[in-house]
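In what follows, every heavy atom counts, from backbone to side chain, and hydrogens, waters and symmetry copies are set aside. Sequence lines set the chain letters: A, B, ... in the order given, protein chains first and strands last, and positions in each chain run from 1.
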Amino acid sequence: MSTNLIKVMVLYCAVTLSSCQNNAPVTSNSVTNKDSINIGAYTFKTTEGWGYGITIDNRLYIKQSTIPAFAGTKSFASEKDAEKVAALVINKIKLHKKPTIFKDELQSLQITE
Amino acid sequence: MYKLKNITLLSILIVPLFISSCTKTSDTSTDTSGNWIKRSDFEGITRSEGVSFVIGDKAYVGTGYDGTNRLGDLWQYDPVQNFWLQKADLPGAARSSAVAFTAGGNGYVGTGYDGVNRLNDIWQYNPTTNSWIKKNDFTGGARYDAVAFSVLDKGYIATGYDGNYLKDFWEYNPATDNWLQQVSLGGSKRSAAVAFVYNNKAYVCTGTNNGTSTGVNDLWVFDPSATPIWTEKRKISNVSTDSYDDAYAVIRSNAVAFVMNGKGYVTCGENGAVLNDTWEYDFANDVWAKKTAYEGVARTGALGFCVSDRGFVLTGRSSSTPFDDIREFFPLQAYNAND
C-alpha cells in the first residue's frame, strides 16, 4: 500500500513539476513541426505598472518592463495597455517583421510618453 | 504505518513547494496559442550596419539597415537571462554605418548614413534614465563606416568615408563635450575597419581603401601614453619570408572584432565573398591564429560584443536572410553542428 502511495505521489510531483517548466504561459504543444516556432505572450506587474513578455518556443525572448521606444523608465499604466502592445508585437512577428515598436503605434493605442 | 505517515508528511511539504515555485502571481497569460510561424520567417532584431555598445553587464544594439529602412531603435540585451528589452529610440535620424562607444557609464552613438546624407551628430545614451541627449557635433566631419572605441574614459573616432577614404583621428572628452584632433593613423586610409581595445591600447585593422584588390593589411595600435601615439604592428597578410604568416587570411572589411579572455578576435565580414572564418590575435606576440569559424551563416555588417568575458556575434547580412539573431561565440571549442 505504501508503495502505491509513493507511486501516486511521485506521479503527482512529476506532473506539477512539468507544468512549471514553461516560464511563460502555457502554449499549445500540439504542433511539433521543427520548422515552426511558437510565439507566446504574457503580462506581468512591475513596481509602478505593467509590462509584457514575449516567448519564442516557450523561451523568454523579450521582457518589456518599460514602454518601448519612449524615453524614461515608465511601465504601462494598465495591464490592458501592456496586452495591446504585446499583441502588436506578436502580429509583427507573425508577419515576418522585426518586433520593434514605433512611437506612432503607441500613440494610436492612446499610450503617451 | 509510521513509514507511511512520514511519506504523507513529506508529500504535504514537497507538493506545495512545487506549486509555489511555479505560481507567478503577477504573470498572466494573454495571447498564447495558435501563434506559429515558420522558423525561417522569424525575423528577430535582424539588421546590418548597426551599432553596439556595452555598459556594465548589459549590451545595447541599435540603428542599422534592414534592407528597406534605416533604423533608429535601441535594444538592451541581457546575456545572463538571454532576453531583449526595447529601449528609447535614438532621437536623431535613423541611420546605418554609425559608430558607438562607451565612456563614463554612458553610451555614445554618432555619425553614419541616413540614406541621403552622411551624418556628424553625436548622441549620449544614459542607461539609468533610458534617455538620449544631443552632444556637440563631431568636428571631424560627416562620415560613415568609421571606427570608434574608448580608452580611459575618453572616446575616439577614426577613419571612415566622407566621399573619400579617411585616416584621421579624433578624441572626445565627455567632461567638456569637445572633440580634439589627434595624430592620424599611419598606413592606409580606410573605411569599414575594426577596432578593439586591450590594456588601454586600441588596435585598428582591416577595412577597405578604394576597393583595392589586395586589401588593407596594416595593423596599428594606439597608446595614449606613448610617443608617438600610433605604432604599426606586423602585417595581417602573408608578406614575411618567415612561416608565421603563411596561412594569414585576416584581410576583410565590415567585420566584427572584440576582446575576450585576453585575446582579440576578428570574425565575419567580406572579402569578395561574405566570411565566417575567425582569427585570434595574440597581443604579446603580435601573431594571428585561425580558430573555429563562427557557426552562424557567413555574414557582413554584423555586430560583436563581449560582456563579462562572453563574446556574442549577431545580426548582419548575406545573400541569404534572415539569420538567427544572436549567437554566443566559442572560438576555442571544436565545431559542433548540433548545438
Within this structure, what is the [atom1]-[atom2] distance for the pair [X] and [Y], rounded to the nearest 0.5 Å?
{"X": "His96(A)", "Y": "Thr46(B)", "atom1": "NE2", "atom2": "OG1", "answer": "12.5 Å"}
{"X": "Phe102(A)", "Y": "Asp73(B)", "atom1": "CZ", "atom2": "CG", "answer": "6.5 Å"}
{"X": "Thr100(A)", "Y": "Trp84(B)", "atom1": "OG1", "atom2": "CH2", "answer": "10.5 Å"}

Proximity breakdown for Trp132(B) and chain A, heavy-atom pairs closer than 4.5 Å: neither
Which portion of Leu71(B) sits near chain A, non-hydrogen atoms under 4.5 angstrom: side chain
Validation row: Phe83(B), Thr55(A) side chains within 4.5 angstrom (heavy atoms):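 The answer is no; the side chains never approach within 4.5 Å.
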Leading residue by heavy atom contact count with chain B [cutoff under 4.5 Å; candidates Ala69(A), Pro99(A), Gly53(A)]: Ala69(A)
Options Ile101(A), Ile54(A), Thr73(A), Thr66(A), ranked by heavy-atom pairs under 4.5 Å with chain B, top entry: Ile101(A)
Lys/Arg N to Asp/Glu carboxylate O, Lys103(A) vs Asp89(B), below 4.0 Å: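 Salt bridge: no.
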Atom group of Ser65(A) that falls short of 4.5 Å from chain B, counting heavy atoms: both
Enclosure of Lys134(B) NZ (heavy-atom neighbours >12, cutoff 6.0 Å): yes
Options Gln81(B), Arg47(B), Gln86(B), Gln76(B), ranked by heavy-atom pairs under 4.5 Å with chain A, top entry: Gln86(B)
